[in-house]
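Below: the structure, in structure tokens.
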Amino acid sequence: MATLSIPNPVPSAIEDAEKLRKAFQGWGTDEKAMIAVLAHRDAAQRKQIKIAYEEQYKEKLLKRIESEISGHFERAVYRWIFDPVERQAIMANIAIKNKVVDFPVIIEIACINSSNELLAVKQVYQSLYKHSLEEDVASHATGDFRKLLFALVGTYRYDGEEINTELAKTEAKILNDAITKGEYNSDEIIRILSTRSKAQLQATFNCYKDAHNLSITKALSTKTPNDFVIALRAAIRCRTTPTKYFEKVLRNILQKSGMDEDALTRVIVMHAEKDLKEIKELFQTRANMTLEQAVAKKTSGDYENFLLALIGN
Amino acid sequence: MADETLSLKKAFSGHGGFGVDETTMAAMVTKWRKQPDQKSRFRSDFSGFFTKIGSIEKCEDDYLLRLKTEFSRFKNIMVLWLMHPWERDARWMHHVMHKSYPFTVIVEIACTRTSEELLGAKRAYQALFNHSVEEDVAYHIKESYSKLLVGLVSSFRYEGPQVDNDMAKWEAKALGNVIKSSGSGKLIQNEEVIRILTTRSKRHLKATFKHYKELHGKPIEEDLGANLCLQETVKCIDKPAKYFSEAINIAFKEGADKPSKLSLTRVIISRADVDMEEIKETYHKQFGVKLEDMITKNTHGHYKDTLLTLIGK
């Protein structure tokens, strides 16, 4: 469930556009007013506000925002404003054009969406960037990462509930063979992980666990942190237990030293209108504090206020 | 009587032809009604089709199978014609996995359909078989060309007008380098070759092939060695009318095998409403004979009539 909270009744798009305009005028920006509007509207409403603002004031809302605010706050608001499909297309493009492809972003987008949701992202991606998502992933990623990311992004997976238990047993064995040999980049691992349906994959991993008394992600833990294996585990968890995956990502960001604002922004912004509530609840049981407390501890200023507003404070 | 027997033998021979002469057969039923002796004489006269085990007369199994195929040509083409194109494509692709259809059918469908048509075929495949076509291709086809096939069938290419000419030139050069340095057996598994052929838009690839020819003085097909899969891929993307015209020609060759003959039905049905005119012209130019003449000469009965109607005679 979403953590996004919308006032009832919700003001009209024109009223909202006026409030934003007021927030931009004069010296400095009234960030609190901005947050009060933008962080409490759903995708359709945000779209209407953009249109109303542009009609009324003859300038693009995004451009104005970019000139009014900056830093982590600006990046978060920018990503938030778009609807989920366009947002993911834009974030995928940013991830790809990074010096080194930001693989968690691509893995998340490729693995947590249903086949049709991913297809919608790809269609928007094509209209925005005049390339297919697949061709950009393939031409910017290299080596084993290219193999994995391309396979995850490229397949139009079957989303049904049908399972073949015999096949699950066979493929659990194939996975085990590759893992015991340390061949983490094996074609078979990538094939199974990227082409099988979620239900079939879950069945396969259950067989694996039954046979070896060890979950497959634990089996893939290597002593030396290896980026590719990290990617593999991320893909496995995104495909089968996304809530746990995102909870862990948040916990890593918020409870370890250092700070990755881009990752924090990504998780909050991408899930606030989707399933952040479940992630939040799991976080609380695991971290012994609420997500709000953890975010407040590690962030500050307008950025903190914006995130807290999305988290449902 | 001798003439009738001859024409009836011919009608029943199913020999190297396409379809059967139902009219002659039907006429004989009328003529030889209530004349078991007539039929008996025919059977003993038609050795090869009819034989004896001791005193028991039987049909040769070979002939029965051949005749069955010939009778069913018309039924098949009618059913296929009525089917939705997506279901047709899905079923043809499925055949490759589970019978001995040549893999080139997958190349053909993946490369000559538009992105929307291929997506539709993939959806139909899932609805019919409860698997994605990608997972089935990856699982059932374990040959050197399987990575290429999976890539082709996964593709959701950009179809807009934009082409990055510099990139096309660069990739033409890159392909040239790979071709020079790879053994011809390894070419089909080369990551760059697969990436370029399976992710780039068709417009981009046509530009790339054009640059290749300018750079190396010959079309890329000539440098692909005996790699049938690669050749077919390039042909389907660059010159589909030529590909189809050649597929039809192979079907008409002396001693053509069953899958080759089946491609006659497949090509004509799938292209009748798309680019049949262009295929006819190409066929005429390439082989010096009109397609309708070849069909008239080599096929029979209702099957022939249907083909002629479909090609727009």
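Chain letters run A, B, ... following the sequence lines, proteins first and then strands; every chain starts at 1.
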Handout entry: Centroid-centroid distance, A/Phe145 to A/Phe228, less than 6.0 Å
Key = yes

Problem - Contact winner vs chain B - A/Ser127, A/Ala151, A/Gly154, A/Ser115, heavy-atom pairs under 4.5 Å - result: A/Gly154

Problem - Crowding at NZ, A/Lys47 (>12 non-hydrogen neighbours, <6.0 Å) - result: no

Exercise for the section: Could you tell me which residues in residues 159-168 of chain B have at least one non-hydrogen atom under 4.5 Å from a non-hydrogen atom of chain A, sorted by residue number? Expected result: B/Glu159, B/Gln162

Practice task
Go through the atoms of A/Leu133 and report whether side chain, backbone, both or neither lie under 4.5 Å from a heavy atom of chain B.
Solution key: neither

Exercise for the section: Establish, yes or no, whether the cationic atom of B/Arg123 lies under 6.0 Å from the six-membered ring centre of B/Trp86 and within 45° of the ring axis. Expected result: no

Problem - Atom group of A/Asp187 that falls short of 4.5 Å from chain B, counting heavy atoms - result: side chain

Problem - With sequence neighbours excluded, residues passing side chain to side chain contact (heavy atoms under 4.5 Å, CB included) with B/Ala90 - result: B/Ala124, B/Tyr125, B/Leu128

Completion exercise
When the 4.5 angstrom heavy-atom criterion is applied to A/Ser194 and chain B, the contacting part is neither

Problem - Contact residues of residues 137-154 of chain B (partner chain A; heavy-atom separation under 4.5 angstrom) - result: B/Ala138, B/Tyr139, B/Lys142, B/Lys147, B/Ser154

Completion exercise
Bottom line for A/Glu161: the part with an atom under 4.5 Å from chain B's heavy atoms is neither

Handout entry: Engaged part of A/Arg157 at the chain B interface, taking heavy atoms whose separation is under 4.5 Å
Key = backbone

Problem - Positions in residues 204-212 of chain A that reach chain B, provided some heavy atom is under 4.5 Å away - result: none

Practice task
Examine whether an atom of A/Glu171 lies under 4.5 Å from a heavy atom of chain B, and if so say whether it belongs to the side chain, the backbone or both; otherwise answer neither.
Solution key: side chain

Fill in the blank from the handout: chain B shares the most heavy-atom pairs under 4.5 Å, among A/Gln126, A/Lys147, A/Arg146, with A/Gln126

